[in-house]
Amino acid sequence: MPELPEVETVRASLTPLIQGKTIRDVGTNWGKILTNGLDQFQEQVAGQRVERLDRRGKYLLIRLSGGLTIVSHLRMEGKYELVQHADDPMHKFVHVWLTFTDGSQLRYRDSRKFGRMTLVKTGEEMHLSGLRTIGPEPTEATFDVDAFYQTLQRHKKAIKSVILDQSTVAGVGNIYADECLWLAKIHPETPANHLTKRDAKRLRDTIIEELALATKARGTSAHTYLDATGHKGDFQNQLHVYDRKGQPCDRCATPIEKIKVNQRGTNFCPHCQKIK
DNA sequence: CGATGCCTGCCC
DNA sequence: GGGCAGGCATCG
């Protein structure tokens, strides 16, 4: 489900719901989601307090007392919700639950079971496969134009694949990749090394700005995304190409086309986004 | 590198 | 029934 704006919105909405609570117990009905295994998870997490929630790219980092961090990735469909009573009726797709000492319960729902939670010592999360190679956060201070341009120069594959690669820049997924390429007027299949320094600068600025705007709008609910309070985002109203196949381009009225780039559905304007 | 597996629901 | 879906790790 979520890209950076959605994960950030989950982080912000979940924080006041669980911060300060002490975990009494952990349960699951789909062991693969807890990559360390339920027993180890249970043993280490029981009795710890939720101190704060951080985010890195699309990873949610639940900081616990005892020097522990739950690294949570929602993949396509993962969602969190808090219920006030652990015995409230359980939704069909709840696969992991943390029960707190006050009787409330954090539930992780994931119809496709793609999401993962890994327990690590705080500070060691960067050794995990996804976080070890993660690129810069898309902010002015951290997303360096020159480094980005160097990355583009090294790849002759489609620019869309390069910005979807989390080691290039953290947090861009399929929706925002298409949107940013439309905003920057770059064809998604342009070989990355055909882009000029100016193109790189424009695309980098666009990514920073677009993800910030989408975060401000509390994310995009194109399909099923909801934050931790069950609310949709608002940014689906500001999309230009994603899910708009056949509809007129907002700049030139040419119908939006949909193709496949690296097995991912890809929406673009064939007039505004010419291949180089 | 690109392709495949992981899962389930939904829409044609 | 087939194809598709905000993603990633792993395989060849």
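Naming: A, B, ... by sequence-line order, numbering from 1 per chain. Computation of the quantities below employed the complete heavy-atom set of this structure, encompassing side-chain atoms and omitting hydrogens, waters and symmetry-equivalent molecules.
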Please report the distance, rounded to the nearest Å, between [atom1] in [X] and [atom2] in [N].
| X | N | atom1 | atom2 | result |
| --- | --- | --- | --- | --- |
| A/Leu60 | C/dG7 | CG | P | 16 Å |
| A/His223 | B/dT8 | NE2 | P | 19 Å |
| A/Gln263 | C/dA9 | CD | P | 17 Å |
| A/Lys79 | C/dA5 | NZ | C1' | 12 Å |
| A/Tyr108 | B/dC7 | OH | C1' | 12 Å |
| A/Arg264 | B/dT4 | CZ | P | 16 Å |
| A/His73 | C/dT10 | NE2 | P | 13 Å |
| A/Arg109 | B/dT8 | CZ | P | 16 Å |

Self-check item: Base of B/dC6 and ring of A/Phe114 stacked, centres under 5.5 Å, planes under 30°
Solution: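 One would call A/Phe114 stacked on the B/dC6 base.
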Give a yes/no answer on whether the side chain of [X] brings an N or O atom under 4.0 Å of OP1 or OP2 in [N].
| X | N | value |
| --- | --- | --- |
| A/Lys260 | C/dA5 | yes |
| A/Lys58 | C/dG7 | yes |
| A/Lys156 | B/dC1 | no |
| A/Trp30 | B/dC6 | no |

Electrostatic pair [X]:[Y] at N-O distance under 4.0 angstrom:
| X | Y | answer |
| --- | --- | --- |
| A/Asp199 | A/Arg202 | yes |
| A/Asp54 | A/Arg56 | no |
| A/Arg24 | A/Asp102 | no |
| A/Glu8 | A/Arg55 | yes |
| A/Arg75 | A/Glu77 | no |
| A/Asp144 | A/Arg204 | no |

Looking at the side chain of [X], which of [options] is the nearest nucleotide?
| X | options | answer |
| --- | --- | --- |
| A/Tyr242 | B/dG2, C/dG7, C/dA5 | C/dA5 |
| A/Asn174 | C/dC4, B/dC7, C/dG7 | C/dG7 |
| A/Ser129 | B/dG9, C/dT10, C/dG7 | C/dT10 |
| A/Gln166 | B/dG2, B/dT8, C/dC8 | C/dC8 |

Quiz item: Would you write out the dot-bracket form of DNA chain C, 5' to 3', with Watson-Crick and G-U pairs under 3.5 Å, [ ] for crossing pairs, | for pairs to other strands and . for unpaired bases?
Solution: |||||.||||||
Quiz prompt | Aromatic plane relationship, A/His73 with A/Tyr59 - under 30° parallel, 30 to 60° tilted, over 60° perpendicular | solution =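 Aromatic pair A/Tyr59/A/His73 classed perpendicular.
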For a quick check of understanding: with a heavy-atom distance under 4.0 Å over all strands, which category does [X] fall into, base, sugar-phosphate or nothing?
| X | answer |
| --- | --- |
| A/Tyr59 | sugar-phosphate |
| A/Gly265 | sugar-phosphate |
| A/His155 | sugar-phosphate |
| A/Lys258 | sugar-phosphate |
| A/Thr220 | base |

Quiz item: Side-chain donor or acceptor of A/Arg116 under 3.5 Å from a matching atom on the base of C/dA9?
Solution: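 No.
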Exercise. Determine whether A/Leu4 and A/Pro138 make a side-chain contact, defined as any pair of heavy atoms from C-beta on separated by less than 4.5 Å.
Key: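 In short, these two side chains touch, coming nearer than 4.5 Å.
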Quiz item: Are A/Tyr176 and A/Val241 joined in one hydrophobic group, where the rule is that I, L, V, M, F, W and Y side chains link up if heavy atoms are under 4.5 Å apart?
Solution: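 No; A/Val241 is not reachable from A/Tyr176 via cluster members.
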Exercise. Please state the P separation for the pair C/dT10 and B/dC7 - nearest whole angstrom.
Key: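 It works out to 14 Å between them.
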